[in-house]
Structure formats: C-alpha cells, structure tokens
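Have a look at the structure below before the remarks.
Naming: A, B, ... by sequence-line order, numbering from 1 per chain.
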Amino acid sequence: MASETLLCLENLSYVYPDGTPALRDLNLEIRAGETWLVAGVPGAGKSTLLRHLNGLLRPTAGRVLLRGADINRDKKALRAARAAVGLALQFPEQQLFAPTVGEDIAFAPRRQGLNEEETAERVEEARLMADLPPEVLPRSPQTLSGGEKRRAALAGIIAARPSVLALDEPLAGLDPLTSRRLLVRLREWRDGAERALIIVTHDIEEAAPLAERLLVLRTEKTALTGRLPQALLQAETGLPPPVMTRLAQGLAARGVPVRQDIPTVDGMAAHLSALFAPDKEL
Amino acid sequence: MFNITLGQYLPGNSLIHRLDPRVKVTLTLLYLIALTGARTPAAYAVLAAWPLILAALAGLPPGKMLRGLGGFTGFLLFMIGIAALTLPGQTLWRAGSLSVSREGLLTGLIWAARIIFFLAGSSLLTYTTTPIRLMEGLAAMLAPLRRLGLDPGDVALMLALALRFLPLMTEEAERITQAQISRGARWDEGGPPQRARALATLFIPLFRRATERAEHLSVALMSRCYGDGPRTGLYPLRLGAADFLLLALGLAATVFMFFA
C-alpha cells in the first residue's frame, strides 16, 4: 500500500544571493511513515535544504509541494506549510525565550489560536513525546541541563502538531544515551499518525537503525538516495564505511568467514551469534 | 536612504593602505588642525588638494567617496541657508523680511567647505585602515593612559571586539528570527503592544546569546594568556621612509595654513 506523499521537491535548486550555489536540481518524495536521514559534507546544502521545507527560503528554481500544493504559491499556502512542517534549526535550545518551559512549549499552539484547554493538552502531549518530566514545566528553561533544554525546544516544535518534523543536527552535543533515547522518541512520534521525519545528522550510523531512507547531498554532483541500512554499504555515498563492515573485513583478513554486507550492529550480532553458536562447528 | 560610507574600510594594498596607522591618525589630526588655520584662497587650495592626492594615491573609487558625502547634502544646504539669511552684510537679495547678505553667503560656503574637508579627511583614515590596524595604532598612541591606570591595549581591544560583535549579532538575530517564524511568530501584526511583546521572542534569546558569547570569549582570551603580560602585534608597527615623508609633508602643509 503506497502511503500519502507529504512533501515533494521538484527540480529544486538554490543559489545564495552572493552567487554561491547550494542545491542543484533536487528531486525527492517524502511519504508518510518515512524517516529520512540527510548526510553530506559541510557546505553541501543540508541546512539550506531544510529551510526550503517550510518556506524560510524560496527556491531559485523548482518547487516544494506540500500534499501536492506549491508552498510558495501565496501567503496562505506558506502559512499552511509553516504549520505543517515543524523545523528545528541547529541548537534549538538557544532560541528558548519564555520565562517557563511550559510557556515556551505553549507558544506555537497559542499562535495557532487555540484556547487555554487545548493549549494545555498540546503542551502535555509534546512534553510526553519529548520525554520531559512534568516538574520541569514551571521551571525556567535556563535551569535545565543541556539535554533537557534540547528536548524542551523540540517539544515547543512538536506542540504545533506538524505532519513533518525536520531537524538539523538534533543529536549534536548530546551524550550517546540521551541521543539514543531521543531518536527512539522521535521514531515513536513519527509512528503516531501520518507523519514523516527528516533528520540532518553526522551520526548516520547511530541513526540508521531507526530510519528507512538516506539522502546524501554532494557538492558538484547530484544527490543520492537509498534505502537504509543497505545504503550505508554504497561507496558512492562518500560516507565512511560502517564500523561493522570494517570489523567484518578485519575478521576476514584473519581467516574468519563472516559476511561483509551487514552494516548494522544488531545485524552483525545476530550473524556472529549464529556463526559462533556452541552447537556449530567453525 | 542613508548612503553614508564614513567609517567603512575599502580593502587595498596601496602606499596609503600600508602607511603606519599612527602616521595616518596623526595626519588626520594635523588636517583637522590645518582646517582651523586656513584663511587665504591658497590655503584652501592646499586643503582641497590634500585629500584628493591621498585618495588618488590610495586608489579609492571617486564615485564611492562622492556618494559617501552625498548623504550630507541636505544638511550642508540648510547650513548655508541659515548663514546667508542671518549674518549681516551687503544685501544681495531681499524678499519681505528675509534678506540674503553677501558676507553671510560667503561664510556659509566656507563652513560647508570645511565640513566637506573634515568628512573627506577623516573618512580617508577609515577607508584605508582595517579596524585592527586602527586599534593597534590607537593603542600605541594612547600609551599615556597607562599613567591614569588604564591599559591602552584593553581600551583598543574593547573597541575592536565591539566592532566584531556587530555582524555576529546580526547573524544571530537572523537565525533566531527564522526559528521563531517556524514556530508561528509574526512581527508584522497587531498594535504596538502586541508587536513589542512579539519582539521579546527575538531580544531575550539574542541578548542571552550575546552575553554567553562574551563569556566564552573571555574564557578563550584568558586561556590564551590574555592579560598575563605585555601584548605585541603580529605585524609590529614600524615607521618607514614613506611614513616620515608624508608626516613631514603634512606638517609643512599645516604650518603653511597658518602663515599663508
């Protein structure tokens, strides 16, 4: 069953006002239920791409379609896109401004004209999704730890109830445990309804088990897309080979016959335990 | 609307750009002193020639300099008008109670010329000197401040950092604006109270980031031994032949103003 196409990029190109090209002829279809990882070297246009998804930047050429409608067609379409696509720029916690965490999360629902009751409901929903304990709501955002601030900022975006969540480096600067938990929560958010998740990250391997699709932006060349986790094995992505591939190569060099095409830790663990099961001869 | 280029730096590698910043500051001060001494047409000719020659030597685009002065046209015309209408002298033209005097018009023109000279002379300094070089030069010239317990290096660094923070703050404001727009913020709606409240979503994070940045910067400066001893420049200030030559010419021209 083909699920609904939420966002569609048609021949999207963008050139900065100073003449620097950032995106060239990008075509992409993001369907409900998908999680996309976006990779690429610094300067490949990852953040620029995200800014197009809710109309912060206007494409130099090409279109961005939200459920089939061009988001840059008029003011109304643009507003619809701003509401439907939740965008978190890098270090969103630097943008917290309200005196309390609860007030900050309530900002977007209030701007959408919801009443107190509905707003409170949205805040609670977003708080749960962002894994924040209830006692942080009346506190000042500045008293939170780094990881809590990040989650509070994401809650502020989730509270707008977007269909697409586009996050720029949401894991940057988080400890491995917190980043894992955040990924799991985001995945749960995506599973909740007809939603899609787009994550720009340098930690592709960490996020790969929770995502379906990979987009690699390349300078000077057209972008690549692939299905995860197999896409991690493609050399043309320019990404470093996965740790598990290097492990397999090392084992093979020492005469252990392991498969070379398993990119994930879980997959390799299953493969190795099958290989080295006590009831099996080597 | 405000096409005023005063204070800008126009990159280049001319003789004037390479002059010691202390010499350029001194020449600018001499020029301002000379302005007050000019009395005769010959003196005014030297005053006009001085920035023109230096601008030509620096390879500055004349159009850009003229546009920079253009922003002051209204002010200059207003000043000439006031002088012509209020100062007593031989009447040139009369309409009702208003009369234009010859001496008044002349005085107004001389004032305007002095202001143009002043602007041209002082913008030459910033056009041809990077903020850092200017600060180094000022720090060296402010050395007597040490007697008052102030470190001239600190004063100069503070000025340089303030200049550096301006573009950073602009960038930051843009990032925050985009983030808040993504969350439904609008700055173009409602009456003044709503707009003021909306601006809080920009200014609170902006000022917090500015203080955070300043704090990080101070830690970074201290971990690089700032304040642990006298500071030296990467390119030490050194006076060359051209510096002495221009300084001598500037002095001669200034003396000429007062005796011509």
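For B:Arg209, the part lying under 4.5 angstrom from a heavy atom of chain A is the side chain only. Within the 4.5 angstrom heavy-atom criterion, no atom of A:Gln112 approaches chain B. Neither the backbone nor the side chain of A:Arg110 has a heavy atom closer than 4.5 Å to any heavy atom of chain B. If you measure heavy-atom distances from B:Arg175 to chain A, the contacts under 4.5 Å come from both the backbone and the side chain.
A 4.5 Å side-chain heavy-atom check between B:Arg208 and A:Gln94 finds every atom pair outside the cut-off.
For A:Arg111 against B:Gly184, the heavy-atom pair with the smallest separation is NE-O, 3.0 Å. In terms of heavy-atom proximity, B:Gln180 sits nearest to A:Phe97 at NE2-CD2, 3.2 Å. Closest heavy-atom contact between B:Ile181 and A:Arg82: CG2-NH1, 3.2 Å.
In this structure, A:Leu57 CG and B:Gln178 CD are separated by 6.0 Å, a value rounded to the nearest 0.5 Å. In this structure, B:Ile204 CD1 and A:Gln95 CD are separated by 13.5 Å, a value rounded to the nearest 0.5 Å.
In this structure, A:Tyr16 places its OH atom where more than 12 heavy-atom neighbours from other residues, nucleotides or ligands lie under 6.0 Å away. Within 6.0 Å of the CD atom in A:Glu135, the count of heavy atoms belonging to other residues, nucleotides or ligands exceeds 12. Around the CZ atom of B:Arg213, the shell of radius 6.0 Å holds more than 12 heavy atoms that belong to other residues, nucleotides or ligands. Shown here is B:Tyr226, whose OH atom has more than 12 heavy atoms of other residues, nucleotides or ligands within 6.0 Å.
Your options are A:Pro162, A:Gly156, A:Ala81, and the one with the most heavy-atom pairs under 4.5 Å with chain B is A:Gly156. Between chain B and the residues A:Leu56, A:Leu89, A:Leu87, the largest count of heavy-atom pairs under 4.5 Å involves A:Leu56.
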